[in-house]
Amino acid sequence: MTAWEVKDYLSLLTVWDEADESEILSLCKASLREVEAMLKADADRTDVRIASAAAGIAFYKLTLKRSFSSADDEITSFKAGDVSITQNSKDRTKELSDAEKLYEKALNSLIPLCQDNGFAFENIRIKVMP
């Protein structure tokens, strides 16, 4: 998988300005590196779930960044007499929640390709003292 493939998947989820192109590609590269760090050594690196999961991570991070951005607080109208300013303040709570669900679903689909970082107790013997 490449960052360009992740970017293609991400373009199915959201849109961005041409000016943000390099930032989006950097986000895709970082997300892909995160996913690759979780993979087993023998995992198939061409599996589409990898690009999908990386795009889900990138989408979540981009949505999170946009939710903190003040760019959406644009002035939509201004009146000089009796001073009246109207702003379009967009609530991104639902969008962020949906992005988080997509992120979790993408990571869950990736579980078979990931290394197991858990632990288990095995061969435990209990010795009873009189």
### Query
Looking only at heavy atoms, which two atoms of Val6 and Ala55 are closest? And how far apart?
CG1-N, 3.6 Å
### Task
Return the set of residues passing salt bridge (Lys or Arg N to Asp or Glu O under 4.0 Å) with Lys101 (not counting sequence neighbours), or none when no residue passes.
none
### Query
Can you name the residues that form a salt bridge (Lys or Arg N to Asp or Glu O under 4.0 Å) with Asp98, not counting sequence neighbours?
Lys94
### Query
Any side chain to side chain donor-acceptor pair (under 3.5 Å) pairs touching residues 25-34, not counting sequence neighbours?
Glu34-Lys61
Output a table of donor-acceptor pairs, distance under 3.5 Å, between side-chain atoms of residues 45-53 and any protein atom two or more places apart or on a different chain; print 'none' if there are none.
{"from": "Arg45", "atom 1": "NH1", "to": "Lys40", "atom 2": "O", "distance (Å)": "3.3"}
{"from": "Thr46", "atom 1": "OG1", "to": "Asp44", "atom 2": "OD1", "distance (Å)": "2.6"}
{"from": "Thr46", "atom 1": "OG1", "to": "Asp44", "atom 2": "OD2", "distance (Å)": "3.2"}
{"from": "Asp47", "atom 1": "OD1", "to": "Arg49", "atom 2": "N", "distance (Å)": "2.9"}
{"from": "Asp47", "atom 1": "OD1", "to": "Arg49", "atom 2": "NE", "distance (Å)": "3.1"}
{"from": "Asp47", "atom 1": "OD2", "to": "Arg49", "atom 2": "NE", "distance (Å)": "3.3"}
{"from": "Asp47", "atom 1": "OD2", "to": "Arg49", "atom 2": "NH2", "distance (Å)": "2.7"}

## Note on the structure
Hits for ring pair (Phe, Tyr, Trp, His ring centres under 6.0 Å) against Tyr60, two or more places apart or cross-chain, chain-then-number order -> Tyr103
### Query
side-chain hydrogen bond (donor to acceptor under 3.5 Å, both in side chains) with Thr14: which residues, sequence neighbours excluded?
Arg66
#### Entry: ring pair (Phe, Tyr, Trp, His ring centres under 6.0 Å) contacts touching residues 25-47 (sequence neighbours left out)
none
### Query
Taking only residues two or more places apart in sequence, or in another chain, which ones meet Lys7 in a salt bridge (Lys or Arg N to Asp or Glu O under 4.0 Å)?
Glu21
### Task
Check which hydrophobic residues are tied to Leu25 through side-chain heavy-atom contacts below 4.5 Å, counting indirect links as well, and list them.
Trp4
### Results of side-chain hydrogen bond (donor to acceptor under 3.5 Å, both in side chains) for Lys105 - residues two or more places apart only
none
Listing, residues 106-114 side-chain donor-acceptor contacts under 3.5 Å, not counting sequence neighbours, or none:
{"from": "Asn108", "atom 1": "ND2", "to": "Glu104", "atom 2": "O", "distance (Å)": "3.3"}
{"from": "Ser109", "atom 1": "OG", "to": "Ala106", "atom 2": "O", "distance (Å)": "2.8"}

### Query
Using a side-chain heavy atom cutoff under 4.5 Å and only I, L, V, M, F, W and Y, what cluster partners does Leu27 have?
Leu10, Leu13, Trp16, Ile24, Phe59, Leu62, Leu102
